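Have a look at the structure below, then the notes.
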Amino acid sequence: MSEVRLRFPPSPTGYLHIGGARTAIYNWLYARKHGGKLILRIEDTDVERSTQGSIDGIIEGLEWLGIDWDEGPYFQTEFAGEHVAAANRLIAEGHAYKCFCTKEELDAKREAALAAKQEVKYDGACRNLTPEQVAEKEAAGIPAVVRFKVPDRQGKVGYNDKVLGRIEQAYSEISDFVIVRSNGKPLYLLCNVVDDIRDRISHIIRGQDHKDNTNRQILLYEALGAPIPVFAHMPLTMDIKGAKISKRSHGEIVAVQFYKKNGFLPWALVNFLVLLGWNPGDDREIFSKEELIEAFTLERINKSSSIFNHKKDDPKFFTDPKAININAHYLRAMPVAELAVFVKKELVEAGIWDDAYEHEKKEWFCKVLELSRERFHTLKDFATLGRAYFADDFAMDEQALNKNVLKHPELKELLPILADRFAALDPFDQQSAEQAARDFAEENGLKVGIPVNASRALITGQVKGPSMFELFELMGQEVVVSRLKNVTKYF
RNA sequence: GUCCCCAUCGUCUAGCCAGGUCCAGGACACCGGCCUUUCACGCCGGCGACACGAGUUCGAAUCUCGUUGGGGACGCCA
């Protein structure tokens with residue numbers, strides 16, 4: 001049994017987007033499951049559009065997601081010599097020929113065909129040039145591309161796709177495609193195959209947008225005398241209107257980087273993306289890395305495309321609700337110690353990190369995370385909604401202020417009294433604070449919720465949050481007393 | 001225009017290959033209730049789909065054909 005080898009071959013013409021990431025994830029899962037190798041190959045043959053920034057972004061994105069590879073990154077341009085050699089070999093062996101038609105002629109023909117709703121296909125003008133004719137045109141300095149000579153055979157080329165089943169196409173439907181530009185640079189179809197042969201790729205998992213390329217590439221494998229790998233064409237991810245998602249038309253929201261910037265846990269994104277077009281066949285939706293590798297199979301990849309459920313300008317969901325839900329799930333379920341690492345980054349970035357959170361205040365810090373994460377959805381929430389836990393300069397939520405403080409004018413006088421009661425408590429803990437608050441409410445003929453919710457507003461700046469009695473103890477006597485006394489500033 | 005692929009709740013999907021156990025199951029979202037100092041979590045309940053039409057069959061979400069719809073490709077991009 002030959003080695004299981006897969007590759008992720010992004011073209012570095014933009015950031016890593018979620019569609020590309022999903023392709024990488026599927027390849028990675030298959031490689032890991034079968035003890036195979038994952039090769040990262042940067043397909044930078046389009047020099048015009050390839051950028052170093054894009055290469056860096058793709059690598060950073062993969063690393064952030066936790067998708068590791070075993071070989072590479074290789075750069076396609078480094079193997080240009082092999083690509084040219086392969087093309088020459090194909091010409092020598094009669095599998096390819098030089099074509100002297102100009103780009104302008106061909107573009108015009110194609111557009112005319114499209115406009116007239118005719119079949120769009122290369123007409124084979126140079127397919128049967130005699131050696132003399134070729135020599136003559138070359139002598140005249142006419143530039144030429146190299147075209148693959150599609151076998152003049154009856155019947156169909158085909159392959160057994162692991163996702164779609166048998167895919168076939170008549171030879172007559174495939175026109176002689178270009179494999180080398182007139183400037184001598186080989187094209188994707190050829191480079192890709194030559195590289196896959198050299199890298200001994202056994203399984204190709206890619207998007208269905210490559211489906212029609214596959215038959216042409218199979219012809220190339222045959223002509224080059226190489227074994228044909230296993231193909232699996234995964235469904236595409238569409239936007240809410242059913243159009244293919246792309247960097248160009250959707251911008252940041254489809255960039256992996258966006259999720260990093262907006263408080264996603266990398267594994268939560270992986271978990272969400274893998275479910276877009278694949279399922280384990282049972283009701284599980286949350287997977288550890290090990291569980292996912294174990295559960296993943298090519299056979300359970302769906303045939304039909306899925307929709308990335310993002311509504312522009314949705315006030316409640318900044319991205320697909322299910323993605324947010326999965327992220328929130330991990331936020332709540334992961335070990336606090338692991339979460340702490342992520343939250344630290346957020347607090348450092350917000351300028352409210354205290355090194356004591358890793359030392360003498362570590363227990364306190366973990367307790368805050370434990371309580372607050374219950375209602376947070378992203379890592380950003382710790383530094384925004386949860387800012388009051390870590391800093392005095394937190395914003396006061398308008399609704400909290402109006403509804404829980406200003407609506408009850410008597411609180412202006414009463415809260416400072418409650419503050420004094422709290423100040424006198426010894427010890428000051430959850431039980432004593434709760435008792436004091438309840439007694440105070442009763443004495444003043446208030447429902448306990450009134451002073452408690454007002455306290456939440458003044459102490460956390462929020463209209464919602466964890467149990468206030470737990471928070472009194474957690475925030476500490478000093479902070480509680482001083483923030484309660486601030487009440488007068490708001491009237 | 002030609003070729004290829006796809007089609008179950010708003011979204012992600014199970015079921016389809018091996019037709020009956022499916023008046024179609026789960027998750028997210030949404031709505032209601034419980035819990036409660038708030039919100040959330042949690043729990044309980046609700047809303048909600050087999051694109052359409054023929055055929056095969058005792059029986060079709062499942063098989064066949066057609067229609068419609070959607071997508072992909074047809075490049076000296078990858």
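None of these values were measured; they are calculated from a predicted model.
- For residues 171-180 of chain A, the salt bridge (charged side-chain N to carboxylate O under 4.0 Å, His left out) pairs, not counting sequence neighbours, are A/Arg127-A/Asp176.
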Sequence neighbours excluded and cut-off under 3.5 Å, please list the side-chain donor-acceptor pairs for residues 461-474 of chain A, or say none.
residue: A/Ser467; atom: OG; partner: A/Phe469; partner atom: N; Å: 3.4
residue: A/Glu473; atom: OE1; partner: A/Gln430; partner atom: N; Å: 2.7

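- For the OP1/OP2 pair of B/A78 and a distance below 4.0 Å, the side-chain nitrogens and oxygens of A/Asn213 include no atom meeting the criterion.
- Base pairing annotation: B/G55 forms a Watson-Crick or G-U wobble pair with B/C63, both donor-acceptor distances under 3.5 Å.
- Considering only side-chain N and O atoms, A/Lys303 lies under 4.0 angstrom from the phosphate OP1 or OP2 of B/C6.
- Rounded to whole Å, the C1' atom of B/U37 lies 50 Å from the corresponding atom of B/U21.
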Output one letter per nucleotide in nucleotides 37-52 of chain B: B when a protein non-hydrogen atom lies under 4.0 Å from the base, S when only the sugar-phosphate is that close, - when neither is. BBBBS-----------

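- Contact annotation for A/Gly277: backbone-only contact, meaning every heavy-atom pair under 4.0 Å involves sugar-phosphate atoms and none involves a base.
- Remark: B/C9 base-pairs with no nucleotide; criterion is Watson-Crick or G-U wobble with both hydrogen-bond distances under 3.5 Å.
- Under the rule for a side-chain hydrogen bond (donor to acceptor under 3.5 Å, both in side chains), the partners of A/His250 that lie at least two apart in sequence or sit in another chain are A/Asp239.
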Check the interface with nucleotides 29-31 of chain B: list each N/O to N/O pair with the protein under 3.5 Å, or write none.
residue: B/C30; atom: OP1; partner: A/Lys316; partner atom: NZ; Å: 2.4

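- Across the P atoms, B/C9 and B/G55 are found 25 Å apart, a figure rounded to whole Å.
- Between A/Arg300 and B/G15 there is a side-chain N or O to OP1 or OP2 distance below 4.0 Å.
- With both pairing distances under 3.5 Å, B/C35 is matched to nothing as a Watson-Crick or G-U wobble pair.
- Proximity of A/Ser305 to the phosphate of B/C5: no side-chain N or O atom is located under 4.0 Å from OP1 or OP2.
- Residues that satisfy the side-chain contact (heavy atoms from CB on, under 4.5 Å) test with A/Thr77, not counting sequence neighbours, are A/Asp44, A/Phe75.
- Between A/Phe79 and A/His83, the ring planes are tilted. Angles from 30° to 60° get that label.
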